[in-house]
Number of protein chains: 2
Amino acid sequence: MMDVARLAGVSHQTVSRVLNEHPNVSEPTRLKVRAAIAELGYRPNRTARALVTGTSKVIGVVAPNTALYGPASMLTAFEQAAQDSGFAVNVGSVRTLNERSIADAVERHLDQRVAGLVVIAPVAGAGPALARLPEDIPLVTIDGDPERASTLVTVDQVAGARAATEHLLAAGHSTVWHISGPADWFDAAGRVRGWQDALSAAGAEQPPLLTGDWSAESGYRNGKLLARLPEVTAVFTANDHIALGLLRALSEHGRRVPEEISIVGFDDVPQAAYYTPPLTTVRPDFDAVATAGVELLLAQIESGSPDLATRRTIAPTLITRDSVAPPPAR
Amino acid sequence: MMDVARLAGVSHQTVSRVLNEHPNVSEPTRLKVRAAIAELGYRPNRTARALVTGTSKVIGVVAPNTALYGPASMLTAFEQAAQDSGFAVNVGSVRTLNERSIADAVERHLDQRVAGLVVIAPVAGAGPALARLPEDIPLVTIDGDPERASTLVTVDQVAGARAATEHLLAAGHSTVWHISGPADWFDAAGRVRGWQDALSAAGAEQPPLLTGDWSAESGYRNGKLLARLPEVTAVFTANDHIALGLLRALSEHGRRVPEEISIVGFDDVPQAAYYTPPLTTVRPDFDAVATAGVELLLAQIESGSPDLATRRTIAPTLITRDSVAPPPAR
DNA sequence: GTAATTTGCGGGAGCGTTCCCAATCGGCCA
DNA sequence: TGGCCGATTGGGAACGCTCCCGCAAATTAC
């Protein structure tokens, strides 16, 4: 910086002003400084800046360390959104979603002096870890506990699940079965609730809930059961991978989709259109979630006040393909 | 830090020594300092440390911004491996894999003063961007250009593809077709070569190469073609998603797998076991890649010498399931 | 025409560390 | 006993930037 100042014939202070776009610099000086910067290929040292300002242009993202489609998509979407706002992203992934490991990940980010924190930890265990956070750090929770008072961006799981269930009911099915995600995920709970809501709103009987864990394997396991129940004509699965496992189990038992059994998934993974049959599913808009999340976070960072407790809900859309048909005539 | 020093009755310098596990500190002093640290809940400021040492415990990862299974798995695996070595990860994703955007991502990382760089950019365009890198920054390339002189960790695409092709030939097929990935990806090129190698080693005729783009859609598109060719009895696809699209196309045309056509994929996505039929595929060990990558990077960081030009190749394994059978009798 | 702003710029301090160098204190060897 | 050596500790400088304050020149106001 001193070199630049010398070359431009000004003080280091003026260089700093040009860098930070301070208004009180005359045009000629500004140009001289810019020229010097370009000539020397000077790049400001963000570390030094972070030291003196006490903050950095980095946001920390805590995400589960998994190949799950949702979290993984979220992560890249976040990185992209942050990048567009001139922020870098520090990722601290978490092997297991318990309070302890989430707290550790948060600590690591705090050590790095991140300007704000995005926590994608859609399980109940995340709550306590977040509660013990220093008050003054900007924080946005993604798909977190709807009951907790914090800035929250969430996919409207309930609405999505309701749409899926209603779609099946509208096709003529008397009721809809559900294979859920893990019970401690808010996403899973919301989808269960939307399913229940739609069912009771339609006055349909509510079949027992089958529990999965997002994996195709769990869809397969539950599918072996469902395949043997002749009264099952419609199933809503908590995600597309469960639906895939279900499809396979049904195919093994010779039950045809959608002629005998209709299925709706959730997530719209890129492959869903190429399942056999192509899967009707619910598509959450991860980019919108990420954009909203970064927006809320930056608002907090800029204002300096962390606890806006704003909510933002992203509505998913139903994508209809070929896995839904009217129930077979009795 | 001054507070800690005061409380422990030593100088700031001694506190620093304790923090950095410098040998020349007497046991009593060390304990006093540790006690003071604990009592005050003091946490060292990594920013200040980074400023004075000129480096940080952060590594930058450049990865394509995609939900592609390979890169996404790689990314989380890297984060995990880095974490285990006490490093944080800064991710700079890249929307499009061209020279310009890769160079930008690298610049952003350099701005952040990362200690080292991992580039997951398995396309030809990455080369020039990497060539213009400052010489003194530790760098590990993943699945990069085998021709470039740089530290490189790569999945042995050729061996994997050869194993897949040989497996099909061993089942009795006279030849094997291939749907490749995008031509500019090294991964795709390697898989093509392995396929060709196995074919010519067996003296089998080499069918025309079909080109895909990793997507299920491209598998479907090429599948519609293959389904109409009665002589096709075995197909090796560049990844599992292509295989999924192919499965769907074949199913639409009433061609059964594996009775009429055998298929082998690549990647072993978690869902592959639940395709219809369960897919025989090649599994690359992403964790091993990440571990090796971080290891090589840390070696460079510690030694201070960047260009070891070491290579590390990770051998993938063939996972046999139900999508391969002998060809139908003529 | 003089005083009161405003504008443009520079000097110096300080952010929280680590590194270099010096100083003190025993113990040991001759 | 005296000086030398290693072990331990402390004092300052420096890393590269931003912020606070001050000062000169230019502008405006009366």
Side-chain angles (χ1 to χ4, degrees), chain A residues 1-37 40-58 86 88 107 110-115 134 136 301-302 304, chain B residues 1-37 40-58 86 88 110-115 134 136-137 301-302 304:
Chain A
M1 185 158 128
M2 288 305 191
D3 297 339
V4 173
R6 209 163 10 243
L7 181 61
V10 298
S11 76
H12 67 119
Q13 166 63 309
T14 303
V15 177
S16 170
R17 273 192 271 257
V18 171
L19 252 27
N20 295 304
E21 280 159 15
H22 194 90
N24 286 359
V25 179
S26 71
E27 204 51 31
T29 341
R30 188 189 312 278
L31 290 177
K32 262 191 307 184
V33 172
R34 283 205 199 291
I37 288 176
L40 295 177
Y42 161 84
R43 331 204 46 180
N45 182 327
R46 286 173 192 264
T47 308
R49 180 185 305 205
L51 178 59
V52 59
T53 60
T55 183
S56 60
K57 282 270 206 180
V58 177
E107 294 283 284
L110 262 27
D111 269 1
Q112 300 285 335
R113 295 296 193 276
V114 295
D136 56 343
I301 291 172
E302 273 156 29
Chain B
M1 185 158 128
M2 287 305 189
D3 298 340
V4 172
R6 208 162 11 243
L7 181 61
V10 298
S11 76
H12 68 119
Q13 167 62 310
T14 302
V15 176
S16 171
R17 272 193 269 256
V18 171
L19 252 26
N20 295 304
E21 281 160 12
H22 194 90
N24 286 358
V25 179
S26 70
E27 203 50 32
T29 336
R30 188 189 312 278
L31 291 177
K32 263 192 306 183
V33 172
R34 284 207 198 290
I37 288 176
L40 295 177
Y42 161 84
R43 330 204 44 179
N45 184 327
R46 285 173 192 266
T47 309
R49 178 184 307 204
L51 177 59
V52 58
T53 59
T55 182
S56 61
K57 282 269 205 179
V58 177
L110 262 28
D111 269 1
Q112 300 285 335
R113 295 295 195 275
V114 296
D136 56 344
I137 172 103
I301 292 173
E302 274 157 29

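Quick note on labels: first sequence line is chain A, next is B, and so on, each numbered from 1. Only a predicted model underlies this, so the values are computations on that prediction, with no experimental measurement involved. Atoms considered below: every heavy atom in the structure, side chains included; atoms not considered: hydrogens, waters and symmetry mates.
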Legend entry - Contact summary for B:Leu51 and A:Thr47, nearest pair of heavy atoms: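 Residues B:Leu51 and A:Thr47, closest heavy atoms: N-CG2, 3.5 Å.
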Legend entry - Distance in Å, B:Met1 CE paired with B:His12 NE2, rounded so as to fall on 0.5 Å steps: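 Spacing of CE (B:Met1) from NE2 (B:His12) equals 6.0 Å.
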Inset, instruction - Measure the CD-NZ distance between A:Glu27 and A:Lys32 for me, rounded to the nearest 0.5 Å. - result: 12.5 Å
Between atom [atom1] in [X] and atom [atom2] in [N], what is the gap in whole Å?
X       : N      : atom1 : atom2 : result
A:Met2  : C:dG11 : CE    : C1'   : 10 Å
A:Met1  : D:dC19 : CE    : C1'   : 11 Å
A:Lys57 : D:dC17 : NZ    : P     : 17 Å
A:Asp3  : D:dG16 : CG    : C1'   : 11 Å
A:His12 : D:dG16 : NE2   : C1'   : 11 Å
A:Leu40 : D:dG16 : CG    : C1'   : 15 Å

List for me each residue that meets side-chain contact (heavy atoms from CB on, under 4.5 Å) alongside [X], sequence neighbours excluded, and say none if there are none.
X        : value
A:Ile37  : A:Val4, A:Leu19, A:Val33, A:Tyr42
B:Glu302 : B:Leu298
B:Arg49  : B:Asn20, B:Pro44, B:Thr53
A:Arg46  : A:Lys57, B:Asp111, B:Gln112

Inset, instruction - Please work out which residues in residues 41-52 of chain A have a non-hydrogen atom less than 4.0 Å from an atom of DNA chain C and list them by number. - result: A:Leu51, A:Val52
Legend entry - Contact residues, residues 19-34 of chain B to DNA chain C [heavy atom, < 4.0 Å]: B:Asn20
Mind listing the N/O atom pairs, protein and nucleotides 24-26 of chain D, below 3.5 Å?
none

Inset, instruction - Tell me whether the OP1 or OP2 atom of D:dG11 has a side-chain N or O from B:Ser11 closer than 4.0 Å. - result: no
Legend entry - N or O in side chain of B:Thr14 less than 4.0 angstrom from D:dT9 OP1/OP2: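 Answer no for this pair, as no side-chain N or O of B:Thr14 is under 4.0 Å from OP1 or OP2.
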Inset, instruction - For B:Ser56 and B:Arg113, indicate whether the former's side chain and the latter's backbone hold a donor-acceptor pair under 3.5 Å. - result: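 Side chain of B:Ser56 to backbone of B:Arg113, a donor-acceptor pair under 3.5 Å: yes, one is there.
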Inset, instruction - Mark yes or no for whether A:Arg30, through its side chain, and A:Val25, through its backbone, hold a donor-acceptor pair below 3.5 Å. - result: yes
Legend entry - Out of C:dT18, D:dG10, C:dC9, whichever nucleotide has its closest atom nearest the side chain of B:Val10: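 Selected nucleotide: D:dG10.
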Legend entry - Contacts of A:Thr29 that satisfy side-chain hydrogen bond (donor to acceptor under 3.5 Å, both in side chains) - sequence neighbours left out: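 With neighbours one apart ignored, the set is A:Ser26.
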Inset, instruction - List in chain and number order the residues that pass side-chain hydrogen bond (donor to acceptor under 3.5 Å, both in side chains) with B:Ser11, two or more places apart in sequence or in another chain; answer none if no residue qualifies. - result: B:Thr14
Legend entry - salt bridge (Lys or Arg N to Asp or Glu O under 4.0 Å) against A:Arg34, all qualifying residues, sequence neighbours excluded: none
Which protein N or O atoms sit under 3.5 Å from an N or O of nucleotides 20-23 of chain C?
from: C:dC20; atom 1: N4; to: B:Gln13; atom 2: NE2; distance (Å): 2.6

Inset, instruction - Please report how far the helix from C:dG1-D:dC30 to C:dA30-D:dT1 bends, comparing the axis fitted to its first five pairs with the axis fitted to its last five, to the nearest 10 degrees. - result: 40°
Inset, instruction - List the steps, then state whether side-chain contact (heavy atoms from CB on, under 4.5 Å) holds for A:Thr55 with A:Ile301. - result: CA-CA 10 Å; A:Thr55 183; A:Ile301 291 172; 5.6 Å; no
